[in-house]
Amino acid sequence: MTLTLFYIASAVAVFATVMMITRLNAVHGLLYLILSLLAVGVLFFLLGAHFAAVLEVIIYAGAIMVLFVFVIMMLNQGQKTIEQERIWLQPGMWIGPSLLALILFVEMLVIVISGGSAETGHVVNAKQVGIALYGPYLLAVELASMLLLAGLVGAYHLAKPILKTTKTGERS
Amino acid sequence: MNGIPMEQGLLLSAALFVLGLIGVLVRRNLIMILMSLEVMLNATGLAFIVAGSRWGEADGQIMFLLILTLAAAEVGVGLGLVLQIFRRFHTLDADSLNGMKG
């Protein structure tokens, strides 16, 4: 049964990714990308990596996608925005992602009803991950924190409203 | 010991990676290129999880965590660059940004 669930979630992930790279509107692509990430989260659960599945849903499908939504919102200023929003919010566009999300939801229901852990392979729980993370991988954690700090400073500097060029005056 | 064969997980990971690569190469909208990059990073994370599940070690999930931080930093800087490009050139077409200064 685990193999069947694996195949269904894989099909959802591949289909959502194909739909993502063929959409013309960035927002429609974003919907399918979120579905692809959620399907990969289900796959992580089926592979026994529960902690990674939770992080996939919270950080990838939550936080990083919110960044994309903010940027797409900021880039669509002006007069034509309302017309554009009306086109984007056509009910037809909701059907595909909703169906895929429904498939994933049914999979989760099947797993929960069939006893919580439907023989999901070798479970590596969060305790083992944490012990390894702060034992042999301590230096990697520090490097990751430095990388995040560099990303924070870089994003703050790059997204400032006016970035002055060096000599030939300002280009706004 | 595991219900899911390792080869099929790695095949799925490779398929997702190739799809993301096709997205990067084909699409010319900068936001779509960044989204395809996310798909590629996610596929590599899936490969690590599959390998970690195969041997029952926590190392795969730790590599996934590091890829997650990498993706977060990359998306922050990349979207900052996209904002700056849009403010300067009023377009998101990657092909129209082929001119350099000097």
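Just so we're on the same page: letters track the sequence lines, and every chain starts at 1. Values below: all heavy atoms of this structure, side chains included; hydrogens, waters and symmetry mates excluded. These figures come from a predicted structure and were not determined experimentally.
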Original post:
Can you say whether the rings of A:F44 and B:F64 are parallel (under 30°), tilted (30 to 60°) or perpendicular (over 60°)?
Top reply: perpendicular
Subject >> Option in A:L149, A:T22, A:L43, A:L148 with maximal non-hydrogen atom pairs under 4.5 Å from chain B >> reply: A:L148
**OP:** Locate the shortest heavy-atom distance separating A:L30 from B:M35; write the atom from each residue and the value.
**Re:** N-CE, 3.4 Å
**OP:** Please look at B:L19 and chain A and tell me whether the side chain, the backbone, both or neither of the residue comes under 4.5 angstrom of a heavy atom of that chain.
**Re:** both
**OP:** Answer with yes or no whether the hydrophobic clustering places A:L35 together with A:F105; edges join I, L, V, M, F, W, Y residues whose side-chain heavy atoms lie under 4.5 Å apart.
**Re:** no
Subject >> Part of A:Y7 lying under 4.5 Å from any heavy atom of chain B >> reply: side chain
Original post:
So what's closer than 4.5 Å to chain A heavy atoms on B:L66: side chain, backbone, both or neither?
Top reply: side chain
Original post:
If you take all heavy atoms of B:T69 and A:A144, which pair is closest and at what distance?
Top reply: OG1-CB, 4.0 Å
Subject >> Connected via hydrophobic side-chain network under 4.5 Å: A:L99 and A:Y32 >> reply: no
**OP:** Drop me the distance from B:R87's CZ to A:M74's CE, to the nearest 0.5 angstrom.
**Re:** 5.5 Å
**OP:** Please check if the side chain of B:S53 supplies one atom and the backbone of A:G48 the other of a donor-acceptor pair under 3.5 Å.
**Re:** no
Subject >> Contact summary for A:L3 and B:Q8, nearest pair of heavy atoms >> reply: CD1-OE1, 4.3 Å
**OP:** Identify the two heavy atoms, one from B:R27 and one from A:M20, that lie closest to each other, and give their separation to 0.1 Å.
**Re:** NH1-O, 4.2 Å
**OP:** Return the option, out of B:L81, B:L68, B:L34, with the maximum number of heavy-atom pairs under 4.5 Å with chain A.
**Re:** B:L68
Subject >> Proximity breakdown for A:F6 and chain B, heavy-atom pairs closer than 4.5 Å >> reply: side chain
**OP:** Give me the contact list for residues 40-47 of chain B versus chain A, heavy atoms only, anything under 4.5 Å, ordered by residue number.
**Re:** B:L41, B:N42, B:G45, B:L46
Original post:
Which atoms of A:V14 come close to chain B, meaning under 4.5 Å heavy atom to heavy atom: side chain ones, backbone ones, both, or neither?
Top reply: both
Subject >> From B:I49 atom CD1 to A:F45 atom CZ, the distance as rounded to the nearest 0.5 Å >> reply: 13.5 Å
Name every donor-acceptor pair, under 3.5 Å, that has one atom in a side chain of residues 124-142 of chain A and the other anywhere in the protein, sequence neighbours excluded.
{"residue": "A:N125", "atom": "OD1", "partner": "A:Q128", "partner atom": "N", "Å": "3.3"}
{"residue": "A:Q128", "atom": "OE1", "partner": "A:N125", "partner atom": "N", "Å": "3.4"}
{"residue": "A:Y137", "atom": "OH", "partner": "B:D59", "partner atom": "OD1", "Å": "3.4"}

Subject >> Greater than 12 external heavy atoms within 6.0 Å of B:M6's CE >> reply: yes
Original post:
Rounded to the nearest 0.5 Å, how far does CD1 of B:I31 lie from CD1 of A:I72?
Top reply: 4.5 Å
Original post:
Which atoms of A:I59 come close to chain B, meaning under 4.5 Å heavy atom to heavy atom: side chain ones, backbone ones, both, or neither?
Top reply: side chain
Original post:
Any link between A:L47 and B:L11 through a network of hydrophobic side chains (Ile, Leu, Val, Met, Phe, Trp, Tyr) touching at under 4.5 Å?
Top reply: no
Original post:
So, do B:V75 and A:F68 sit near enough that their side-chain heavy atoms are less than 4.5 Å apart?
Top reply: yes
Subject >> Which portion of B:E74 sits near chain A, non-hydrogen atoms under 4.5 angstrom >> reply: neither
Original post:
chain A heavy atoms under 4.5 Å from B:M32: which part of the residue, side chain, backbone, both or neither?
Top reply: side chain
**OP:** Go through A:I21 and B:V26 one step at a time and tell me if the side-chain contact (heavy atoms from CB on, under 4.5 Å) criterion holds.
**Re:** CA-CA 9 Å; A:I21 63 177; B:V26 170; over 6 Å; no
**OP:** With rounding to the nearest 0.5 Å, note down the distance linking CG in B:L79 to CG in A:L67.
**Re:** 6.0 Å
Original post:
Any link between A:I34 and A:M73 through a network of hydrophobic side chains (Ile, Leu, Val, Met, Phe, Trp, Tyr) touching at under 4.5 Å?
Top reply: yes
Original post:
In the single-linkage hydrophobic clustering (I, L, V, M, F, W, Y; side-chain heavy atoms under 4.5 Å), do A:L55 and A:I58 co-cluster?
Top reply: yes
Subject >> Largest heavy-atom contact set with chain B, pairs under 4.5 Å, which of A:S10, A:A63, A:S36 >> reply: A:S10
